[in-house]
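Please read the structure below before turning to the comments.
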Amino acid sequence: MSLTHQPIGPGSHVFLVDGSSFVFRAYFQSIRQDAKYNYRADRLPTGAVRLFCAKLFQFVREGAAGVMPTHLAIIFDKSENSFRKEIYPDYKAHRQEPPADLVPQFPLMRAAVRAFGLLPIEQDVYEADDLIATYAKLARARGADVLIVSADKDLMQLIDDKVSMYDPASGTREERRIGYNEVIEYFGVPPEKVVDVQALAGDSTDNVPGAKGIGVKTAALLINEYGDLDTLLARAGSIKQPKRREVLTDPASVALIRTSQKLVKLVDDAPLEISLDDLGLHQPDGKTLVSFLQAMEFTQLTRRAAETYGVEANEIEPDPAFVGPAGWRGRNGEVAEAPAQQAPAAPAAKLPTPEAGALTPAALAEARREEGVATKIDRSLYETVTTLERLDAWIAEAFAAGFVAMDTETTSLDPMSCDLVGVSLATAPGRACYIPLRHVASAGPDLLGGGEPPPAQIPFDDAIARLKPLLEARSVLKIAQNMKYDLLVLACCGVDVAPIEDTMLISYALDSGRNNHGLDELAKKHLGHECIPFAAVAGSGRSFIGFARVPLDKATEYAAEDADVALRLWRVLKPRLAAEHMTSVYETLERPMVGVLAAMERRGVAIDRNILSRLSGEFAQDMARLEAEIYDLAGESFNLGSPKQLGDILFGRMGLPGAKKTATGAWSTSASVLEDLAESGNTFAARILDWRQLSKLKSTYTDALPGFVNKATNRVHTSYALAATTTGRLSSSEPNLQNIPVRNEAGRKIRKAFVAEPGHALISADYSQIELRLLAHIADIPQLRQAFAEGIDIHAKTASEMFGVPVQGMPSDVRRRAKAINFGIIYGISAFGLANQLGIPREEAAAYIKRYFERFPGIRDYMDKTKRLVREQGVVTTIFGRKCHFPRIGSSNASERAFFERAAINAPIQGAAADIIRRAMARMDAALATAGCSARMLMQVHDELVFEAPLEETETTIAVVKRVMEEAPHPAATLTVPLQVEARAAQNWDEAH
DNA sequence: AGCTTCACG
DNA sequence: GACGTACGTGAAGCTG
């Protein structure tokens with residue numbers, strides 16, 4: 001390759017590209033894309049190289065910012081021995097190691113630059129920024145225009161009328177041109193004073209110290225006032241603000257500022273190894289370029305380069321210097337280690353001819369999906385069944401098929417208080433019927449019934465008597481969407497539906513985190529079909545007429561469609577379970593829960609309404625007292641429940657310090673903000689907190705719970721959602737029984753209202769530290785495993801490992817910190833979060849985390865591995881095989897990505913705990929029955945099960961419950977830590993807990 | 001309906 | 001380099 005020697009002069013456009021920042025950008029962009037594009041077939045990571053090449057290709061062909069370069073230099077940082085390290089050893093000290101996947105790509109970047117016919121520029125001692133400064137100065141001296149391509153604000157000091165910057169678009173930002181005005185916008189000063197501002201403000205990313213307590217804003221203010229840094233420091237004694245005067249006159253601090261100045265100022269007279277004129281741009285050699293791109297296996301780029309430079313790609317061999325292990329050569333010729341990971345799954349085989357026997361499950365699912373999409377849903381084909389003959393015919397058809405999809409229509413969404421209005425059945429795609437049972441005269445245009453007779457229907461009891469044998473037949477599989485609901489409704493009619501299949505739960509097992517699992521959404525996604533919205537037939541809000549008044553033709557279209565769609569979904573989704581190895585998750589963790597939860601919900605729990613109404617009264621009195629005091633302190637009355645008004649008073653009228661903003665920019669009045677105020681002696685804030693607590697307890701619990709007592713059973717029947725969370729946990733609603741207060745005295749009074757029926761006790765059994773135990777198992781942490789094996793207090797043990805304090809006589813505050821760290825770890829720790837939690841500076845929190853990872857390196861490994869896995873595959877798996885998907889892990893928003901990474905770290909832990917308690921619940925009824933216990937499960941609160949047992953059976957029940965819960969992982973998983981369950985019996989939930 | 005706050009694990 | 005921040009839920013009240 002020969003270099004052209006084009007002299008640089010007026011009219012030249014010199015592009016100086018900050019190669020290192022480009023490389024990192026390319027890398028971070030690459031990991032947001034599908035992993036299959038980021039590796040060569042031999043697993044050499046090449047994603048960053050690909051994006052780097054694409055960008056280079058663009059520059060060479062089209063230029064940037066509307067300018068074509070005449071000269072182009074890609075400039076890299078060569079090594080660690082920057083002269084700045086000599087000046088200040090901590091310079092860039094806490095930079096992280098580059099990601100493992102990026103390291104083998106560094107030499108390939110240089111090779112790519114050469115393949116484009118350019119010289120990669122890098123020099124010892126000088127950083128890329130210094131070389132850019134030097135080239136820029138030389139070029140402008142010759143009258144050329146210079147475009148620095150970089151996002152690094154350190155380069156802004158170089159900008160003038162001939163030198164500008166261009167920051168290309170990244171995942172998060174638009175491209176932008178940075179000139180004189182943009183520098184003033186960013187630093188508050190023109191380019192020539194940027195160094196002075198940076199010397200004062202410092203730079204945390206490069207570890208440039210600057211002046212303590214002075215940021216860019218203050219620095220710009222000072223420099224603008226005094227003209228420059230020298231003048232400022234000379235006259236610092238006259239500064240009014242004591243803090244600023246102190247930091248600008250103290251000799252040690254001034255020395256740091258001077259050092260910072262040297263660190264920040266770019267060297268513009270570095271001895272260049274490659275002369276300015278050697279940067280001339282000429283057309284790349286097509287063969288060389290294509291040969292390199294082929295070795296990298298970049299198919300798109302190869303094709304485009306071949307077209308652009310008029311070469312025939314087929315005739316060019318991949319460059320042998322980069323094929324096979326040669327591609328792995330590192331900087332020093334060593335062979336990099338392939339990351340230990342699975343190759344992405346091969347794309348599903350092309351659909352074979354539809355001979356059912358030869359189909360793989362995946363192909364079957366795909367075939368049915370296509371068939372389902374092709375066979376349009378035609379609602380006019382549905383039948384309204386109003387005679388016993390037709391009903392019998394449908395039932396016979398279901399028996400013949402061996403499966404039937406079904407759906408129930410009711411008067412309300414509450415399965416414990418609604419009436420069954422009709423049943424729909426489907427025996428084949430498109431073959432569905434609706435059996436109205438309790439329809440009344442349809443609503444007229446005025447929504448009134450008008451006194452007409454009800455439409456002709458099969459008498460309710462007759463229809464149920466005919467349906468019961470079908471719905472209970474072991475030989476016929478009953479398929480429904482959210483079968484728990486239908487099970488509850490039909491149980492009220494004396495029908496015990498079995499065996500069952502649930503499309504919602506199949507979808508949940510397959511696609512948790514990818515989409516929600518409602519029928520309408522699944523129909524849209526898998527069948528391309530838009531279901532009739534419920535509100536369109538039954539109305540909503542004030543216009544709600546209830547399903548019983550929907551005319552039969554419309555009711556049939558809606559109801560039969562649901563059964564038809566459920567059947568079609570089942571045909572598409574069910575084969576995917578086998579194909580995607582999710583059958584055992586579905587069969588052991590999902591399907592068994594339907595009957596278990598239905599029974600729990602149906603049983604309900606007794607609450608003592610007297611206790612609650614007495615509490616409501618107490619709370620109301622206390623609140624009134626507090627309210628008066630608060631208005632007195634405020635000097636005015638206002639709406640206490642309005643965060644807006646409260647914020648205005650606190651931070652507007654009173655002008656209190658410590659104001660924070662919420663996501664939408666309003667004043668935050670959250671407990672943490674008010675606690676800070678209260679701690680500094682603000683009585684007003686303290687009273688608000690007291691009032692808030694009582695208000696919460698009263699409105700959410702003592703006032704609301706009695707409204708959920710079922711008239712017929714006199715008990716509260718929550719509803720557990722099986723497919724609501726991304727981790728496998730249940731959720732509870734109407735009422736939510738999983739957030740009944742327990743953490744403070746006032747709240748616990750509410751638990752006393754959850755009582756056992758006469759002659760019975762409530763038994764609460766909860767897993768002790770299950771998530772930390774699972775962390776110790778999953779990340780394989782010897783010290784933690786041993787502590788659990790020996791029954792040592794785990795937080796004390798952590799504290800002792802970290803701070804070297806003996807477990808015996810551990811100060812409670814030390815233990816508290818270790819406990820917060822332990823929880824933080826489970827949540828995907830950040831220094832910010834831990835600092836917030838503990839009320840300590842972020843640096844201190846960061847030091848804790850560092851120490852924690854030093855003591856327990858396995859946890860860092862686990863976190864890194866999980867993050868890598870989720871970025872590559874978009875999914876994490878619990879030890880029981882449950883998958884949690886994070887499709888948005890590739891988001892272009894960095895904070896959003898970090899959020900999903902933390903969630904992905906948490907999911908296998910929270911999810912495994914959820915799996916374990918599900919396993920226990922699935923086995924519990926049989927175990928109790930075998931032991932002769934008539935105890936019944938009433939509630940689940942994530943790591944706790946609550947039972948009601950006859951007084952004389954409490955002891956046996958506790959033994960059985962403990963055993964089933966502690967042995968729940970077996971035989972699917974053998975934990976390396978023991979599980980421990982604490983169980984107690986009492987008359988109410990508070991005392992049992 | 002969206003936001004804020006707060007109850008739980 | 002910038003930017004927001006501990007994981008998972010559901011309910012109530014205010015606001016527009």
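Order of the sequence lines fixes the chain letters, A, B, ..., with proteins taken first and strands second; residue numbering starts at 1 for each chain.
- For the pair A:Ser695 and A:Gln837, both in contact range of DNA chain C, the more 5′-proximal nearest nucleotide belongs to A:Gln837.
- Residues satisfying the salt bridge (charged side-chain N to carboxylate O under 4.0 Å, His left out) test with A:Arg816, not counting sequence neighbours, are A:Asp813.
- Here A:Asn639 lies in heavy-atom contact (under 4.0 Å) with sugar-phosphate atoms only.
- If you check residues 734-747 of chain A against DNA chain B, the residues with a heavy atom closer than 4.0 Å are A:Gln738, A:Asn739, A:Ile740, A:Pro741, A:Val742, A:Arg743, listed by number.
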Could you write out each protein N or O paired with an N or O of nucleotides 1-3 of chain B at a distance under 3.5 Å?
{"unit_1": "B:dC3", "atom_1": "O3'", "unit_2": "A:Thr664", "atom_2": "OG1", "d": "3.4"}

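- Within a 6.0 Å sphere centred on NZ of A:Lys865, heavy atoms belonging to other residues, nucleotides or ligands number 12 at most.
- With respect to A:Glu127 and A:Arg84, a salt bridge is recorded, a charged nitrogen being found less than 4.0 Å from a carboxylate O.
- In this structure, a donor-acceptor pair under 3.5 Å is present between the side chains of A:Gln693 and A:Asn744.
- Look at A:Arg687 and A:Glu627 and you find no salt bridge, because none of the NZ, NE, NH1 or NH2 atoms lies under 4.0 Å from a carboxylate O.
- The stretch residues 908-920 of chain A touches DNA chain B through A:Gln910, each having a heavy atom under 4.0 angstrom from the strand.
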So what is the 5' to 3' dot-bracket string for DNA chain C, if pairs are Watson-Crick or G-U wobble with both distances under 3.5 Å, crossing pairs use [ ] and | means the partner sits on another strand?
......|||||||||.
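- Heavy atoms of other residues, nucleotides or ligands lying less than 6.0 angstrom from NZ of A:Lys644 number 12 at most.
- Nucleic acid contact for A:Asn836: none, since no nucleic acid atom lies under 4.0 Å from a heavy atom of the residue.
- Going from atom CG of A:Asp943 over to atom P of C:dG8 covers 17 Å, rounded to whole Å.
- The residues A:Arg25 and A:Asp167 are annotated as salt-bridged, a charged nitrogen and a carboxylate oxygen being separated by less than 4.0 angstrom.
- Ion pair A:Arg984/A:Glu991 not flagged as a salt bridge, since none of the NZ, NE, NH1 or NH2 atoms sits closer than 4.0 Å to an Asp/Glu carboxylate oxygen.
- Between the side chain of A:Arg692 and the base of B:dT4, no donor-acceptor pair under 3.5 Å is found.
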Ring pair (Phe, Tyr, Trp, His ring centres under 6.0 Å), that's the test. Do A:Phe638 and A:Tyr631 meet it? Break it down for me.
CA-CA 7 Å; A:Phe638 61 101; A:Tyr631 294 158; 5.7 Å; yes
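- Using a 4.0 Å heavy-atom criterion, one finds that A:Ala671 contacts the sugar-phosphate atoms exclusively.
- A:Arg25 contributes no side-chain N or O that forms a donor-acceptor pair with the base of C:dG1 under 3.5 Å.
- Between A:Glu771 and A:Arg729 there is a salt bridge, since a side-chain N of the basic residue sits under 4.0 Å from a carboxylate O of the acidic one.
- Among the atoms of the strands shown, only primed sugar atoms or phosphate atoms (P, OP1, OP2) are found under 4.0 Å from some heavy atom of A:Gly641.
- Pairs engaging residues 820-830 of chain A under the salt bridge (charged side-chain N to carboxylate O under 4.0 Å, His left out) rule: none recorded [sequence neighbours left out].
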